[in-house]
Structures are given as C-alpha cells and as structure tokens.
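Heavy-atom basis, side chains included; hydrogens, waters and symmetry copies ignored.
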Number of protein chains: 2
Amino acid sequence: MNDQRLITILHARSVKPTAMRLLVLDMLAQQETAISLSDLEEQFDKVDKVTLYRTLKTFEQHKIIHSIDDGTGSAKYALCSEGCECNPGDLHVHFHCQLCKRTFCLTDYTIPAVNLPQKFVLKEMNMVMKGLCEDCST
Amino acid sequence: MNDQRLITILHARSVKPTAMRLLVLDMLAQQETAISLSDLEEQFDKVDKVTLYRTLKTFEQHKIIHSIDDGTGSAKYALCSEGCECNPGDLHVHFHCQLCKRTFCLTDYTIPAVNLPQKFVLKEMNMVMKGLCEDCST
DNA sequence: AAAGCCATGCAACCGATTTGCAAAGTTATG
DNA sequence: CATAACTTTGCAAATCGGTTGCATGGCTTT
Ligand SMILES: [Mn+2]
Ligand SMILES: [Mn+2]
Ligand SMILES: [Zn+2]
Ligand SMILES: [Zn+2]
C-alpha cells in the first residue's frame with residue numbers, strides 16, 4: 001500500500017508513523033486472512049519479535065487492528081475497517097479452517113444478537129466458526 | 001453428589017470410575033460456573049495437577065464435560081448435559097464476566113445459526129459474550 | 001504368582017506471551 | 001546548536017498454561 005495512505009491510517013488513530021509501524025501496517029494490509037505474531041515474524045527477515053508484539057499491541061489499542069481468538073492458542077490479527085470502534089454491534093464472525101489452518105474475517109457476516117439473561121451487560125463478543133474453508137471443502 | 005450417581009454418569013460414557021475420577025466429577029458437579037484446571041487444583045489439597053489435567057482430558061474426550069475458550073488464556077470446563085454430543089446444533093452460549101472473572105454456561109441460550117459463505121463447511125462453533133454478570137452489573 | 005494394562009505422580013519441556021532494561025531515535029526546550 | 005525529556009526498539013529473560021516422558025502403583029487377566 002502507498003506510504004502516504006499508511007501514514008494517514010496511523011494518523012487517523014493517533015499513532016506515530018515510525019518506519020517499523022509502516023512496515024507492519026503494510027504487511028497486515030497485504031494479508032488475505034488474519035495472521036499470528038509468529039506468522040508476521042516469518043514474513044520479515046530479521047525483525048525482532050518483541051517489537052512486532054508491541055507494535056501489534058499498539059495497533060490493537062488504537063483500533064487499527066482487532067485480535068481474534070480462534071481457539072488455536074495463538075491470537076490472530078487483522079485490520080479493522082475504517083472507522084471501526086470494535087463495538088458489539090459492528091463485530092463480524094470469524095472462521096477458522098481446521099485443514100489449512102487459516103483464519104478468515106467474515107466481514108459481511110455480523111454476529112447475530114443474543115438475548116442475554118436479565119441484568120447481564122454485554123460489552124464484547126467473540127464468535128468463531130470452525131470447519132472447512134472454501135478451498136478445503138471440495 | 002451421590003456416589004452411585006457419579007458412577008452411573010461415568011459408566012454411561014464408558015469411563016472407568018476410579019477414586020480420582022469420582023472426586024473430580026463430584027467437584028465439577030458442585031460448581032455453579034465453569035472452572036479452569038488451576039481453579040480445580042485449588043479446590044483440592046494435594047492432588048497432582050497433571051493427573052487433574054489428564055482426568056479432564058479423558059472427561060472431555062468422552063463428552064462428560066466440555067471445554068470453553070473464553071479468551072482469558074485458560075480453558076474452562078463444565079459438565080455436559082445428559083446425552084450431550086457437543087454438536088454445533090446443541091451448543092450453548094458462554095458468558096465471561098470481566099469483573100468477577102467467572103465464566104457461565106448459558107445452557108438455555110443456543111448459539112444462533114449463521115449463514116456461512118458458499119462452500120464453507122461448519123464443524124464446530126464457539127460463541128462467548130463478555131461483560132458484566134448479574135451480580136456485577138448493579 | 002506372573003504378566004499385562006491402565007491410572008497416577010513427578011520432573012521436565014514447550015510455545016505463546018509478557019516484562020525488564022539499556023541503547024537508539026525523536027521531539028521539545030533553552 | 002546543545003541538552004534534556006520522552007518514545008521506540010532490540011535483546012535477554014521470565015511467566016504461564018498446557019503437554020509429554022517415564023517410572024511407579026494398583027487392579028485385572030491368565
Ligand atoms: Mn476480523
Ligand atoms: Mn457450557
Ligand atoms: Zn482451508
Ligand atoms: Zn461478575
């Protein structure tokens with residue numbers, strides 16, 4: 001992605017555009033599926049994992065990315081859509097393929113509302129479907 | 001719970017009723033919310049965590065209990081209802097309270113169906129709501 | 001009694017995540 | 001410009017939940 005565009009994204013979320021952050025944001029923008037910290041590390045030569053870790057944390061805190069707990073034991077990360085506030089209302093479903101191990105953001109599939117018992121207050125939500133993705137099901 | 005009743009539960013799932021398993025099953029039956037391996041360990045004096053771990057694994061494989069990934073990093077466990085087969089259709093929603101840290105089985109709240117994109121095959125599902133439980137919301 | 005099998009206990013390992021701390025880089029101030 | 005203050009980065013090490021290896025113990029079968 002165009003550097004100026006990346007800087008704009010970071011700026012919109014009040015994150016200073018360091019060289020490292022631009023690299024990481026660009027890499028995240030290239031992904032078709034959500035990736036783990038280790039995945040991210042493998043896509044670079046010679047970058048420190050802890051720095052990547054902290055970069056992801058920073059991005060997550062500023063809602064540039066969201067993290068996905070797909071039950072595999074390693075968190076996955078993917079870009080948020082523009083203006084996302086990660087509220088229960090605008091969250092989407094995630095799908096983890098048990099065969100190819102990829103985790104997909106089904107951004108067009110919003111999580112259906114569930115009536116909770118009286119007095120339970122909803123703040124966050126996580127819905128993960130598991131099975132076979134389109135490439136693996138045939 | 002009555003010992004004979006515990007033995008019946010284990011027998012129904014083809015698990016041999018050892019002393020340890022009866023103790024663990026009884027403890028699980030006493031819980032109001034799902035508990036972690038560490039929680040379980042704390043409720044006993046002087047039992048080996050690995051043995052508890054393996055007991056939980058055995059129970060899970062035989063569908064005596066189900067595990068819940070509530071996103072806290074430690075799996076929680078709770079008894080399955082009688083005859084449960086843990087299929088997508090008969091799964092329920094879980095709720096994790098961000099204040100008291102308890103994880104509830106909302107056994108009366110089935111996970112709503114979601115239309116997946118073409119060719120995605122669903123095998124498993126996990127839906128966790130987070131927020132404040134009835135005791136913590138007031 | 002001997003052999004076989006499963007359950008248990010203890011030590012050690014593993015991968016993912018997190019923290020501590022010093023060095024390098026940036027920004028603000030005089 | 002020079003210095004101080006603050007932020008980001010790199011490397012080492014700790015933490016934590018989960019898992020495995022292996023020897024011992026107990027029950028069952030021959
Ligand atoms: Mn997503
Ligand atoms: Mn449950
Ligand atoms: Zn796949
Ligand atoms: Zn609570």
Working for ring-ring contact (aromatic ring centres under 6.0 Å, His included), residues A:F59 and A:Y77: CA-CA 10 Å; A:F59 284 3; A:Y77 301 89; 10.0 Å; no
Donor-acceptor contact present, side-chain B:H62 to main-chain B:T58, <3.5 Å: yes
Step through it carefully: locate the ring centre of B:Y109, locate the ring centre of B:F95, and say whether they are under 6.0 Å apart. no
Kindly calculate the angle separating the two end axes of the helix from C:dA1-D:dT30 to C:dG30-D:dC1, each obtained from five base pairs, and round it to 10 degrees. 10°
Under 3.5 Å, side chain of B:S81 to main-chain N/O of B:C84, donor-acceptor pair present? no
Checking side chain to side chain donor-acceptor pair (under 3.5 Å) against B:Q31, which of B:K76, B:R102, B:Q43 comes through? B:Q43
Shared ILVMFWY cluster between A:V128 and A:L132, side chains joined below 4.5 angstrom? no
Gap between atoms CG and C1', on A:L40 and C:dT17 respectively (whole Å): 15 Å
Evaluation steps, salt bridge (charged side-chain N to carboxylate O under 4.0 Å, His left out), between B:E60 and B:R13: CA-CA 10 Å; B:E60 189 181 5; B:R13 300 289 191 170; over 6 Å; no
Contact pattern, 5' to 3', of nucleotides 8-20 of chain D - B, S or - by protein heavy atom under 4.0 Å: SBBBB----SSBB
Could you state the CD-C1' distance from A:Q61 to D:dT7, rounded to the nearest angstrom? 14 Å
Under 3.5 Å: donor-acceptor pair, side chain of B:N126, backbone of B:D69: yes
